Participant: 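My questions all concern the structure below.
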Amino acid sequence: MLFEWDESMNVGYDQINEQHKKLISLINELHSAMLEGKSKDVMSGILGELKDYTVYHFKTEEDLFDKFDYSETNDHKTEHQAFVLKVGDFISEFESGKVGVSLELMNFLKNWLIQHIKGSDMKYKGKLE
């Protein structure tokens, strides 16, 4: 396991916390597949699921931002868009054979998610009500 959710990542909204746990689970699943030398098809499937679930999760957050007129919506959406583009670019390069799933990628995904949750997401804690 690369990392796990803990209380320091609790943003105060059960639905969002559960979605964060799912994202962590998918990153851990990709990490395990990499360590076990799983096929390109297996890793491609996990990457696709990670991207799709990330888009779903970001939409959930952004809908809450709009509903509660969150003041930092634009900055937060910009972070989301940049991450989705970066993951999409990686998937394209992976599927074309230009890059493989590496420890560098795993650390990027892990560190980005932890920093995003503990940084940007914590800013909305208690404000979306």
Side-chain angles (χ1 to χ4, degrees):
M1 180 177 304
L2 186 63
F3 72 121
E4 57 189 314
W5 188 91
D6 63 49
E7 276 302 312
S8 71
M9 294 181 220
N10 185 339
V11 296
Y13 303 95
D14 291 342
Q15 179 184 23
I16 300 298
N17 287 333
E18 291 306 312
Q19 290 180 2
H20 287 158
K21 290 174 188 176
K22 173 70 173 177
L23 289 169
I24 290 168
S25 174
L26 287 167
I27 292 170
N28 283 328
E29 185 178 347
L30 182 63
H31 182 248
S32 293
M34 178 195 76
L35 292 177
E36 295 167 12
K38 297 288 185 180
S39 72
K40 183 176 178 178
D41 286 345
V42 168
M43 289 197 279
S44 187
I46 298 167
L47 283 165
E49 187 178 357
L50 176 62
K51 183 181 179 200
D52 291 347
Y53 196 82
T54 299
V55 169
Y56 166 76
H57 165 65
F58 288 168
K59 172 116 174 59
T60 300
E61 282 188 341
E62 292 169 8
D63 286 348
L64 284 171
F65 297 164
D66 293 343
K67 181 178 178 182
F68 295 103
D69 199 26
Y70 179 55
S71 63
E72 296 192 37
T73 296
N74 290 337
D75 290 343
H76 209 110
K77 284 183 178 181
T78 299
E79 285 183 38
H80 287 172
Q81 291 164 352
F83 182 75
V84 170
L85 284 173
K86 186 156 180 98
V87 171
D89 288 346
F90 174 80
I91 290 171
S92 294
E93 290 185 3
F94 175 76
E95 290 179 349
S96 72
K98 291 180 183 173
V99 297
V101 174
S102 64
L103 194 54
E104 181 181 350
L105 171 70
M106 299 312 311
N107 284 325
F108 165 76
L109 293 171
K110 175 185 88 169
N111 292 335
W112 189 93
L113 187 58
I114 289 170
Q115 290 170 2
H116 186 74
I117 292 170
K118 291 184 176 185
S120 300
D121 287 354
M122 284 300 166
K123 291 179 182 176
Y124 66 66
K125 188 173 185 174
K127 295 181 180 174
L128 305 179
E129 299 172 10

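Because the structure is a prediction, the values reported are computed rather than measured. All values below were derived from every heavy atom in this structure, side-chain atoms included, with hydrogens, water molecules and symmetry-related copies excluded.
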Participant: Kindly indicate whether the side chain of Gln19, heavy atoms from C-beta on, has any atom under 4.5 Å from the side chain of Gln15.
Facilitator: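 Yes - at least one pair of side-chain heavy atoms lies under 4.5 Å apart.
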
Participant: So, do Lys22 and Tyr56 sit near enough that their side-chain heavy atoms are less than 4.5 Å apart?
Facilitator: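 No, every pair of side-chain atoms sits at 4.5 Å or beyond.
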
Participant: Would you please test Glu18 and Lys21 for salt bridge (charged side-chain N to carboxylate O under 4.0 Å, His left out) and show each step?
Facilitator: CA-CA 5 Å; Glu18 291 306 312; Lys21 290 174 188 176; 3.1 Å; yes

Participant: Just so I know, are the side chains of His31 and Leu109 near enough to count as touching, which here means a heavy-atom distance under 4.5 Å?
Facilitator: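 Sidechains of Leu109 and His31: no contact.
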
Participant: Would you name the heavy atoms of Met9 and Lys118 that are closest together and state the gap between them?
Facilitator: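 Here Met9 and Lys118 meet closest at CG-CE, 4.0 Å.
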
Participant: Which heavy-atom pair separates Lys40 from Gly97 by the least distance, and what is that distance?
Facilitator: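 Heavy-atom minimum between the residues: NZ-N, 3.8 Å.
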
Participant: Roughly how far, to the nearest 0.5 Å, is NE2 of His57 from CG of Leu23?
Facilitator: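 If I round to the nearest 0.5 Å, the distance is 5.5 Å.
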
Participant: Distance from Ser102 atom OG to Phe108 atom CZ, nearest 0.5 Å?
Facilitator: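 It comes to 11.5 Å.
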
Participant: Say whether, by atom type as modelled, one donor and one acceptor occur between the side chain of Asn10 and the main chain of Asn17 under 3.5 angstrom.
Facilitator: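 Not confirmed, Asn10 side chain does not pair with Asn17 backbone.
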
Participant: Any heavy-atom pair between the side chains of Val101 and Leu47 that's under 4.5 Å?
Facilitator: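 In short, these two side chains touch, coming nearer than 4.5 Å.
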
Participant: List in chain and number order the residues that pass ring pair (Phe, Tyr, Trp, His ring centres under 6.0 Å) with Phe65, two or more places apart in sequence or in another chain; answer none if no residue qualifies.
Facilitator: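 If we apply the ring pair (Phe, Tyr, Trp, His ring centres under 6.0 Å) test to Phe65, skipping adjacent residues, the hits are Tyr70, His76, Tyr124.
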
Participant: Would you say that Ser39 contacts Val42 through its side chain, given a criterion of any heavy-atom pair below 4.5 Å between the two side chains?
Facilitator: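 SC-SC contact between Ser39 and Val42 confirmed.
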
Participant: Quick check: do Glu62 and Thr73 have side-chain heavy atoms less than 4.5 Å from each other?
Facilitator: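 The answer is no; the side chains never approach within 4.5 Å.
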
Participant: Quick one: CG on Asn28 to CZ on Phe3, what's the gap to the nearest 0.5 Å?
Facilitator: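 Spacing of CG (Asn28) from CZ (Phe3) equals 6.0 Å.
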
Participant: Would you tell me whether Asp6 and Ser8 have side-chain atoms, one donor and one acceptor, within less than 3.5 Å of each other?
Facilitator: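 Distance-only check passes for Asp6 and Ser8.
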
Participant: Would one find more than 12 heavy atoms of other residues, nucleotides or ligands at under 6.0 Å from atom CD of Glu104?
Facilitator: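 Not more than 12 within 6.0 Å, no.
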
Participant: Rounded to the nearest 0.5 Å, what separation is found between the NZ atom of Lys51 and the CG atom of Leu26?
Facilitator: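 Answer for the NZ-CG pair, Lys51 versus Leu26, is 14.5 Å.
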
Participant: Does Lys38, at its NZ atom, have more than 12 non-hydrogen atoms belonging to other residues, nucleotides or ligands within less than 6.0 Å?
Facilitator: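 Not buried by this count: 12 neighbours or fewer within 6.0 Å.
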
Participant: Identify every side-chain donor-acceptor pair in residues 83-95 under 3.5 Å, counting partners at least two apart or on other chains, and give the distances.
Facilitator:
from	atom 1	to	atom 2	distance (Å)
Ser92	OG	Gly88	O	3.2
Glu95	OE2	Ser44	OG	2.7

Participant: A side-chain contact here means heavy atoms from C-beta on lying under 4.5 Å apart; do Asp66 and Lys77 qualify?
Facilitator: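 Yes, at least one pair of side-chain atoms sits under 4.5 Å.
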
Participant: Kindly compute the distance separating OG (Ser32) from CE (Met1), expressed to the nearest 0.5 Å.
Facilitator: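 With rounding to 0.5 Å, OG (Ser32) is 8.0 Å from CE (Met1).
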
Participant: Please identify each residue that fulfils side-chain hydrogen bond (donor to acceptor under 3.5 Å, both in side chains) with Thr78, with sequence neighbours left out.
Facilitator: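 Applying side-chain hydrogen bond (donor to acceptor under 3.5 Å, both in side chains) to Thr78 gives none.
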
Participant: Let me confirm one number: the CG-CD distance from Asp121 to Glu61, rounded to the nearest 0.5 Å.
Facilitator: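 The CD atom of Glu61 is 4.0 Å from CG of Asp121, to the nearest 0.5 Å.
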
Participant: Tell me, with the steps shown, if Asp63 and Lys59 meet salt bridge (charged side-chain N to carboxylate O under 4.0 Å, His left out).
Facilitator: CA-CA 6 Å; Asp63 286 348; Lys59 172 116 174 59; 2.9 Å; yes

